[in-house]
Amino acid sequence: MVVVRGFFVPQTPIYKKEYMQKRTLVSDSVKHVGEVIALQGWVATKRDHGKVTFIDLRDRSGIIQCVGYKMLGDVTPESVVELVGLVKERPTKMVNTDLATGSVELEVQSYTILNKSTELPIQVSEDGINENEEVRLRYRYLDLRRERMQDTIRLRSKFIREVREALYTHDFVEIETPMLTKSTKEGSRDFVVASRLQPGKFYALPQSPQQYKQLLMTAGFERYFQVARCVRDEDLRADRGFEFTQLDLEMSFVGQQDVMDTIENTVKTAVNAVGGKLQTETFPVFTYEETMKKYGADRFDLRSEEEKKDGTLAFAWVIKFPFFKKVDKTDAAEVRDGKSGWTFTHNPFSAPLPEFLEDHMAGKNIENILTSQYDLICNGYEVGGGSVRAHKAEELMQTFKIMGYSEAEVEDSVGHMLAAFKVGTPPHGGIALGIDRLVMLLTQQQSLKEAIAFPMTSSGKTAVMDAPAHITEEQLKELHIRIVEK
Ligand code: ASP
């Protein structure tokens, strides 16, 4: 220390980042017995025994025990530190078989606190399963440090990577579609975004990339996929927020079986790669009629009690759904979409099964028309769904006519699709898989929120940040919006 006019000035700079030592990962420490190495990470636990202080240091690769003699007293749990020290073999009877690094420990020679942690609002060493959701999500960055959450989010990343690689090997092209778009009919309420430059006009956030992915088939890509974010203003449930992620794909020159085979193989490859257990090598196929008779629902659980315990995934397909249903008068979106009293069951862009095309075009026997929709079920949940699409303008037009739209209204709503369907759109079909749900099932958890890094609270508040929030008068003015009190 030097003293300048009564102040102590540290001679080493306070910001030591550029002086950090060359890092060794905790998991590699066992390869450096007898050497001095530098480890950087978090203080998982600290045990003070007077002259000796033990620290379990955690980084992305693992945990190691570190010992300091007459030092480390000022280190607090969950602080970020750099420890420089000698890797020592532990005596045989002291080996900790629970740790991959249990045969060694680091005898600390010097250390730097890179970021000192204050007292923690939640305990990282606990699994947090029964902890208050608001608290967990307010401090999600700490919650995510928990081993269970680290494992889940890392498995999610690996699963998506495996899916991507499987699709790339089959000639798929990954393409992003717009986030600011026009309302797409997926049967939910839209989230809207005000336009600053065009007063009184609004964009809608995508409920799914449905229409754009079909337009990519018109554009000649033939095989598209995207890990797509979708936003739907649906009533919140305990385990569901407004946003979700789906693996979205579309293929040209295919029928129902081709899309089902592609997705079945992709799912099997990715599930196996992350260590998931499949009940059957081939997913059984049921018709909607069969499942309603047998299970009274179109989602069902095929697992035995034993399989429920060991985390088996029981996939199945459901096909041959009715295309239309009577509007549920309590559902605002259905009332809006189904002007004739009929609305679509799954997707208005689907084609009817070929044997029902004649009735479809004639608007006859509407209640009997079956659609090319296929749903993928797993452990009692719907984890995916798609269909072969109408790719001729008159077929799509007719679907909307059955729902009571005039030609002018159809033009206004999906005129761009009708136009594309008149300039060489190939027959095509696709599907979307719910990534959040699959990861939840793969990691045997009870809530979708456990599978998402920053999910919403049950009351629709964002994790960590306080949204929805007020915006300034100035922002409102710029957007030409005035808030009217109810
Ligand atoms: N767009 C549909 C959905 O998001 C999936 C599909 O038919 O491809 O549910």
Side-chain angles (χ1 to χ4, degrees), residues 163 167 172 174-179 181-191 204-218 221-234 240-252 254-264 266-267 288 298-299 317-324 333-334 337 343-353 370-378 381-391 395-396 399 413-414 417 425 427-438 448:
V163 165
L167 292 175
F172 279 83
E174 186 168 7
I175 307 175
E176 289 144 278
T177 51
M179 287 303 288
T181 173
K182 196 181 165 184
S183 171
T184 142
K185 296 215 174 318
E186 297 281 349
S188 285
R189 219 179 272 116
D190 290 312
F191 266 94
L205 299 178
Q207 291 188 32
S208 91
Q210 181 68 37
Q211 297 186 43
Y212 282 112
K213 71 171 166 177
Q214 290 191 247
L215 295 172
L216 288 169
M217 298 302 104
T218 308
F221 284 99
E222 293 199 24
R223 294 180 161 211
Y224 139 96
F225 84 94
Q226 176 179 200
V227 178
R229 308 297 302 280
C230 306
V231 192
R232 299 182 186 182
D233 190 358
E234 286 178 297
R240 190 177 72 186
F242 298 124
E243 294 179 58
F244 58 94
T245 305
Q246 66 184 28
L247 171 75
D248 195 49
L249 70 80
E250 198 74 12
M251 305 167 77
S252 291
V254 291
Q256 177 169 326
Q257 196 58 45
D258 301 302
V259 183
M260 287 165 66
D261 286 347
T262 301
I263 210 73
E264 184 168 324
T266 306
V267 166
Y288 174 74
D298 56 2
R299 49 193 83 169
W317 290 103
V318 183
I319 57 170
K320 297 195 174 173
F321 288 93
F323 200 155
F324 300 99
E334 282 192 17
D337 289 343
T343 187
F344 56 91
T345 57
H346 286 77
N347 192 333
F349 297 99
S350 300
L353 285 173
L370 298 181
T371 162
S372 57
Q373 178 80 23
Y374 28 82
D375 275 2
L376 185 62
I377 307 297
C378 182
Y381 293 98
E382 183 196 319
V383 292
S387 61
V388 171
R389 323 299 183 184
H391 74 285
E395 286 173 22
L396 182 61
T399 304
S413 169
V414 290
M417 299 300 284
T425 295
H428 60 283
I431 193 164
L433 278 188
I435 296 282
D436 307 322
R437 184 132 274 155
L438 278 171
L448 279 177

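Every number for a ligand or one of its atoms is a count from 1 in the order of the listing.
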| query | More than 12 heavy atoms of other residues, nucleotides or ligands under 6.0 Å from CZ of Phe191: is that the case? | reply | yes
| task | Report the residue from Leu433, Asp248, Thr245, Val163 that forms a side chain to side chain contact (heavy atoms under 4.5 Å, CB included) with Val227. | result | Thr245
| request: Identify, for atom 5 (C) of ligand 1, the protein heavy atom at the shortest distance, and state residue, atom and that distance. | output: Gly385 O, 3.4 Å
| At a non-hydrogen distance cut-off of under 4.0 Å, which region of Ser208 contacts ligand 1 (side chain, backbone, both, or neither)? | side chain
| Heavy-atom proximity to atom 8 (O) of ligand 1, best of Gln373, Lys213, Gln211 | Lys213
| Those atoms of ligand 1 less than 4.0 Å from some heavy atom in Ile431 | 8 (O)
| field | Under 3.5 Å: donor-acceptor pair, side chain of Gln373, backbone of His346 | value | no
| query | Would you say His346 contacts ligand 1, with heavy atoms under 4.0 Å as the rule? | reply | no
| query | Parallel under 30°, tilted from 30 to 60°, perpendicular over 60°: which one fits the rings of Tyr288 and Phe321? | reply | tilted
| Evaluation steps, side chain to side chain contact (heavy atoms under 4.5 Å, CB included), between Gln214 and Thr425 | CA-CA 9 Å; Gln214 290 191 247; Thr425 295; over 6 Å; no
| request: Look only at interatomic distance and state if Gln207 has a nitrogen or oxygen under 3.5 Å from any nitrogen or oxygen of ligand 1. | output: no
| message | Pair Arg232, Phe244 - check side chain to side chain contact (heavy atoms under 4.5 Å, CB included), show working. | response | CA-CA 9 Å; Arg232 299 182 186 182; Phe244 58 94; 3.5 Å; yes
| query | What atoms of ligand 1 come closer than 4.0 angstrom to any heavy atom of Gln246? | reply | 4 (O)
| query | Does the Ser372 side chain pair with the main chain of Ala351, one donor and one acceptor, at a distance under 3.5 Å? | reply | yes
| query | If you round to the nearest 0.5 Å, how far is CZ of Phe349 from OG1 of Thr399? | reply | 9.5 Å
| task | Can you measure from CE (Met251) to CG (Leu167) and round to the nearest 0.5 angstrom? | result | 9.0 Å
| task | Provide the number and element of each atom of ligand 1 under 4.0 Å from a heavy atom of Arg232. | result | 3 (C), 4 (O), 9 (O)
| said: So, 4.0 Å and heavy atoms of Glu250: is ligand 1 close enough to count as a contact? | reply: no
| query | Arg389 near ligand 1, heavy-atom distance under 4.0 Å? | reply | yes
| message | With a 4.0 Å cut-off on heavy atoms, is Gln214 in contact with ligand 1? | response | no
| said: Distance under 4.0 Å to a non-hydrogen atom of Gly386: what atoms of ligand 1 satisfy this? | reply: 6 (C), 7 (O)
| To which protein heavy atom is atom 1 (N) of ligand 1 closest, and what is the distance rounded to 0.1 Å? | Gln210 OE1, 2.6 Å
